[in-house]
Amino acid sequence: MPASALMNVMIGAARKAGRSLARDFGEVEHLQVSLKGPANFVSAADTRAEEIIFAELSKARPGYGFLMEERGEVTGADTTHRWIVDPLDGTTNFLHGIPIFCISIALERDGELVAGLIYNPVSNDTYVAEKGKGAYLNDRRIRVAARSELAASVIGTGIPHSGRPGHDGFLKELRAVMSVSAGIRRTGSAALDLAWTAAGRLDGYWENALNAWDIAAGIVLMKEAGGYVTDTDGKDTMLKTGGIVAGNETIHLKLLKLLKAANATPPSAAASPKPAKAG
Ligand code: 2AM
Ligand code: CA
C-alpha cells in the first residue's frame, strides 16, 4: 500500500531523528567505560531526536499541537490536531547498548488517535497504521496472532523499576500470568511491545503506569492489526490511566480477567517477603 501524505510526513520525521539516534547509539558503547557513564549523553541524544521530530512535523503541518516526552504539552493554533511523540522509547536499553528502542509518533484528531508510527532505527523496522487502513511492518500487512489459549501464548509486559509505582501489584500480576502462559517477555520498550503484539510476535501484552507517548502509536497499530486494546478496567482510557492490556479478542479478554482476579487477591508471600529474623 502506498503511504499517505500524512504517513510520509511521519516516516520522514522518524527516519531523520532515527539517523541521529543510531549515530548516538554507536557512541554509547565507547562511553560505557568512561567514569561519568553515558546517562547525560543519552538524555542529550533523546533531546536531539525530539528536536528533529518537532522541527520536521512543525514544518510539514504548521499549527498542530504536541505532547512530547521532553517538551510536554505544546498547544498549537490548530486545536483539532495533536502529535503525541516519544523520541526515544526504551531509554534504559539505549543506555546499556541494547538495540531495542524506538521512536513513537501518533496523531490525534478531535481527541481520537488516527495514525501511529513506531520505528526502530537499528533494525530499520517501521510499523505504521492509519485508522481504517490496516497496520503494516515495512510495507507488509500485519495482524495480531490467532492463538486463543494462554498456555500457548507468549505475553509481553513491563516491570516497574526503582522510582516507578506498583511493585507488589506487579508481582501478583506476574504470578498469575506466568503460571498459565508459555512465557513472558520484557523488552523495555512499551511502544515496541505493542508493535510486536500487533505483528503477532507477542500474543498479548500488559503494563501499568505508562505515559501517553509510550502507547499512543501502539494503540493505533493494535486496533488496525485486528487486536483489542484497553486499560486494565477494559475501558478505552489508556492514555489517561496509563494501564494497558492488549491481544487478540480472546487473549485480551483472558488477560483482563486474569489481571483483575490477581489484583483482587492479597499479596502473596513472594510479593511481600517477611523480614528475616535477626540472629
Ligand atoms: P522510556 O524508555 O521512554 O523511559 C518500559 O517498561 C517502558 O516504561 C518504556 O516504554 C519506558 O519508557 C517506560 N517508562 C520508564 N520509566 C517510566 C516512568 N517513570 N513512568 C512511566 N513510564 C516509564
Ligand atoms: Ca517512553
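Read the numbers this way: they start at 1 and go in the same order the structure lists the ligands and their atoms. For this chain, numbers begin at 1 and follow the sequence in order.
- The protein non-hydrogen atom at the shortest distance from atom 12 (O) of ligand 1 is Asp89 OD1, 3.0 Å.
- Looking only at protein heavy atoms, the nearest one to atom 1 (P) of ligand 1 is Thr91 OG1, 3.4 Å.
- Taking the six-membered ring for Trp and the full ring otherwise, the centers of Tyr136 and Tyr127 sit at least 6.0 Å from each other.
- Apart from Tyr228 itself, the hydrophobic cluster it occupies contains nothing, where clustering links Ile, Leu, Val, Met, Phe, Trp and Tyr at side-chain heavy-atom distances under 4.5 Å.
- At a cut-off of 3.5 Å, with distance as the only test, no side-chain donor of Ser104 or Asp89 sits close to an acceptor on the other residue.
- Ligand 1 has no N or O atom lying under 3.5 Å from any N or O atom of Thr92, backbone or side chain.
- Arg15 and Thr126 share a donor-acceptor pair across their side chains, judged by distance under 3.5 Å alone.
- No path of Ile, Leu, Val, Met, Phe, Trp and Tyr side chains, each step under 4.5 Å between heavy atoms, connects Phe66 with Trp213, placing them in separate hydrophobic clusters.
- Asp125 and Asn138 form a side-chain donor-acceptor contact under 3.5 Å, judged by distance and modelled atom types alone.
- No single ILVMFWY cluster, assembled from side-chain heavy atoms under 4.5 Å apart, contains both Val122 and Ile52.
- When heavy-atom distances to ligand 1 are checked against a 4.0 Å cut-off, Ala209 comes that close only through its backbone atoms N, CA, C and O.
- Leu239 and Val114 are members of different hydrophobic clusters when ILVMFWY side chains are connected at heavy-atom separations under 4.5 Å.
- Less than 4.0 angstrom separates some heavy atom of Glu69 from each of these atoms of ligand 1: 3 (O).
- Side-chain heavy atoms closer than 4.5 Å link hydrophobic residues (I, L, V, M, F, W, Y) into clusters, and following such links, even through other members, never connects Ile251 to Val229.
- Between the side chains of Asn211 and Glu69, no donor N or O sits under 3.5 Å from an acceptor N or O.
- Residue Gly188 places no N or O, backbone or side chain, under 3.5 Å from any N or O of ligand 1.
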Practice task
Give the intermediate values and the outcome of side-chain contact (heavy atoms from CB on, under 4.5 Å) for residues Arg140 and Leu137.
Solution key: CA-CA 5 Å; Arg140 286 175 61 179; Leu137 161 57; 5.6 Å; no
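- Below 30°, between 30° and 60°, or above 60°: for Tyr64 and His81 the angle between ring planes is below 30°, a parallel geometry.
- Checked against a 3.5 angstrom limit, the closest N/O atoms of Ala190 and ligand 1 fall inside it.
- In this structure, Arg71 forms a cation-pi arrangement with Phe54, its terminal cationic atom sitting closer than 6.0 Å to the ring centre and no more than 45° off the ring axis.
- Heavy-atom proximity to His161, at under 4.0 Å, picks out these atoms of ligand 1: 15 (C), 16 (N).
- Taking a cut-off of 3.0 Å, the protein N, O or S atoms nearer than that to the Ca ion (ligand 2) are Asp86 OD2, Asp89 OD1, Asp214 OD1.
- Distances shorter than 4.0 angstrom occur between a heavy atom of Leu88 and an atom of ligand 1.
- Less than 4.0 angstrom separates some heavy atom of Arg186 from each of these atoms of ligand 1: 5 (C), 6 (O).
- Contact annotation: for Asp214 versus ligand 1, heavy atoms closer than 4.0 Å belong to the side chain alone.
- Of the polar atoms of Arg164, at least one N or O is found under 3.5 Å from an N or O of ligand 1, judged by distance alone.
- Which parts of ligand 1 touch Asn211 is read off a 4.0 Å heavy-atom cut-off, strictly below it: atoms 20 (N), 21 (C), 22 (N).
- Close approach of ligand 1 to Asp86 (heavy-atom distance below 4.0 Å) involves ligand atoms 3 (O).
- Each of the following atoms of ligand 1 lies closer than 4.0 Å to a heavy atom of Glu207: 5 (C), 6 (O), 7 (C), 8 (O).
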